[in-house]
Amino acid sequence: MLISVVTTVYNNSEGLLQLFDKLVTQEKHNFEWIIIDDGSNFQQRKIMTKIRTNNIPFKIMLYHQANQGKHIALNYAFSKAKGDVTIIVDSDDKPLSTMISIINKYWTDKRMTDKRLGIITFERGTTFREPLRSLPKGENRDNYIDFRYKNSLYGDYAETFKTSILKKYSFPNFYGEKFLNEGYILNKLGKKYDSLFIDRIIYLSEYRNEGLTKNIRKIEWDNPVGTFEVCKMGLDNINISKKQMLKNIIKYYLFGIKNKISLRRLLDNIPNKIASIVCIPIAVFLYFVFSIQYN
């Protein structure tokens, strides 16, 4: 089995070199590493060339594109992936030496031919023993979206995808925007396919101060069209808690207002229109707060 490790990078060559060192020390090397440089400056690109050596036990493919955002870089990477399984590993992540071995262990031949199984989800860690966000103990299989909502599993995990399924989906490109949450693909793919959830850490995550995760609120505010599309996708999940549903509706109204969409059109997408009306004043208040804070 071949695994495609996908990394997008923007002006973080230092992190990329550290990631390279971690990949070299993998117990198994049945993987390819696809790197998409999303418009880094010349000096950063020059440093990246250091990873191209002839004495490494896996194939490296380095591509450059004009700065369009991580989601468009991922589309590019997915189109180049030749592995049976694909995993996204960011340039500031630190894979454990067992990452590829663990992926090999759980993506058995039987699971590869299972047409309902599209994802195997692992944990990220803050240390090799402390998960960033825990999964339920043992091995659990369910629809990806249903299981996450039923167990209140919010935030980032380490998903591995069957490449043949992943290639059926792509991120849309909204004019003038350079960010779209990865939840867009996870929602589309996750509603249709099952995931196996494994409570094992396969890599460590460390979020940079200038990175996407730590600045997500402002980044979403600056990319309102894509963010609104992701918000819409979260309105029809029946297994979500009432508290989380209210948060989703508030955010949906907030970015609807930001995109100058009429209230009538916004209400068309809401399953429980009467209950959702209480969220409108909160969304309006947040709109004015964020307009002052981020504009």
Side-chain angles (χ1 to χ4, degrees), residues 4-24 31-53 56 58-81 83 86-95 99 124 126 132 155-161 166-167 169-186 202-227 229-230 294:
S4 295
V5 178
V6 166
T7 302
T8 67
V9 60
Y10 175 70
N11 289 342
N12 186 25
S13 55
E14 181 180 344
L16 194 71
L17 292 175
Q18 292 175 2
L19 175 55
F20 170 69
D21 290 339
K22 293 293 184 182
L23 292 176
V24 169
F31 67 92
E32 60 178 9
W33 189 22
I34 304 170
I35 307 163
I36 309 296
D37 165 43
D38 184 35
S40 298
N41 63 46
F42 176 77
Q43 188 62 32
Q44 295 281 320
R45 291 174 63 172
K46 187 176 179 181
I47 295 171
M48 288 177 204
T49 60
K50 293 181 180 180
I51 65 174
R52 284 191 161 174
T53 59
I56 54 173
F58 55 90
K59 184 178 180 181
I60 296 177
M61 290 168 282
L62 173 60
Y63 302 97
H64 302 279
Q65 68 171 30
N67 180 236
Q68 300 176 72
K70 180 182 177 181
H71 61 300
I72 303 301
L74 286 174
N75 284 346
Y76 192 0
F78 298 159
S79 72
K80 298 294 183 181
T86 297
I87 179 171
I88 301 167
V89 181
D90 290 339
S91 59
D92 46 3
D93 291 332
K94 296 175 175 58
M99 181 182 78
R124 304 184 186 199
T126 53
L132 183 67
D156 296 329
Y157 292 90
E159 290 88 0
T160 60
F161 304 93
L166 185 62
K167 283 178 176 286
Y169 300 87
S170 63
F171 293 96
N173 191 357
F174 296 108
Y175 179 77
E177 297 198 356
K178 294 184 178 180
F179 172 81
L180 183 60
N181 195 296
E182 288 172 48
Y184 182 91
I185 289 288
L186 287 171
I202 60 173
Y203 62 76
L204 310 183
S205 288
E206 181 179 310
Y207 298 131
R208 295 182 296 148
N209 288 331
E210 68 275 21
L212 291 176
T213 302
K214 282 198 172 182
N215 299 283
I216 189 65
R217 185 174 288 175
K218 184 181 187 309
I219 291 170
E220 287 184 334
W221 187 254
D222 291 338
N223 297 270
V225 178
T227 301
E229 290 302 313
V230 174
Y294 296 134

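These numbers come from the heavy atoms of this one structure, side chains and all, not from hydrogens, waters or symmetry mates. Throughout, numbering of the chain's residues begins at 1 and tracks the sequence.
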Residues, nucleotides or ligands: over 12 heavy atoms within 6.0 Å of Lys59 NZ: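 Result for NZ/Lys59: open.
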Parallel, tilted or perpendicular, as decided by the 30° and 60° cut-offs, for the rings of Tyr76 and Tyr63: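 Tilted: the ring planes of Tyr63 and Tyr76 meet at 30° to 60°.
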Which residues share a salt bridge (charged side-chain N to carboxylate O under 4.0 Å, His left out) with Lys80, sequence neighbours left out: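 If we apply the salt bridge (charged side-chain N to carboxylate O under 4.0 Å, His left out) test to Lys80, skipping adjacent residues, there are no hits.
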Backbone of Glu177 reached by a side-chain donor or acceptor of Asn223 within 3.5 Å: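 Between the backbone of Glu177 and the side chain of Asn223 there is no qualifying donor-acceptor contact (under 3.5 Å).
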Short side-chain to backbone donor-acceptor contact, Asn11 and Asn41, under 3.5 Å: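 Between the backbone of Asn41 and the side chain of Asn11 there is a qualifying donor-acceptor contact (under 3.5 Å).
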Full working for side-chain contact (heavy atoms from CB on, under 4.5 Å) between Tyr10 and Asn67: CA-CA 8 Å; Tyr10 175 70; Asn67 180 236; 3.9 Å; yes
Quick one: pull up [atom1] in [X] and [atom2] in [Y] and give me the separation to the nearest 0.5 Å.
X      : Y      : atom1 : atom2 : answer
Lys178 : Asp222 : NZ    : CG    : 11.5 Å
Asn12  : Leu17  : CG    : CG    : 9.0 Å
Thr8   : Gln68  : OG1   : CD    : 12.5 Å
Asp90  : Thr7   : CG    : OG1   : 7.5 Å
Leu23  : Met99  : CG    : CE    : 5.5 Å
Leu16  : Gln44  : CG    : CD    : 9.5 Å

Do the side chains of [Y] and [X] get nearer than 4.5 Å, heavy atoms only?
X      : Y      : result
Ile87  : Phe31  : no
Leu62  : Trp33  : no
Val230 : Glu220 : no
Ile36  : Leu74  : no
Phe58  : Val5   : no
Ser40  : His64  : no
Ile51  : Ile35  : yes

Smallest separation among heavy atoms of [X] and [Y], with atom names:
X      : Y      : value
Ala81  : Ser4   : CB-OG, 3.6 Å
Met48  : Ser13  : CG-CB, 4.2 Å
Ser91  : Leu19  : CA-CD2, 4.1 Å
Leu132 : Asp156 : CD2-O, 4.4 Å
Ser205 : Arg124 : OG-CD, 3.1 Å

Listed pairs under 3.5 Å, donor-acceptor, residues 179-186 side chains, sequence neighbours left out:
residue	atom	partner	partner atom	Å
Asn181	OD1	Gly183	N	2.7
Glu182	OE2	Lys70	NZ	2.5

Residue pairs involving residues 32-47 (criterion salt bridge (charged side-chain N to carboxylate O under 4.0 Å, His left out); sequence neighbours excluded):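 Of all non-adjacent pairs touching residues 32-47, those that pass salt bridge (charged side-chain N to carboxylate O under 4.0 Å, His left out) are Asp37-Arg45.
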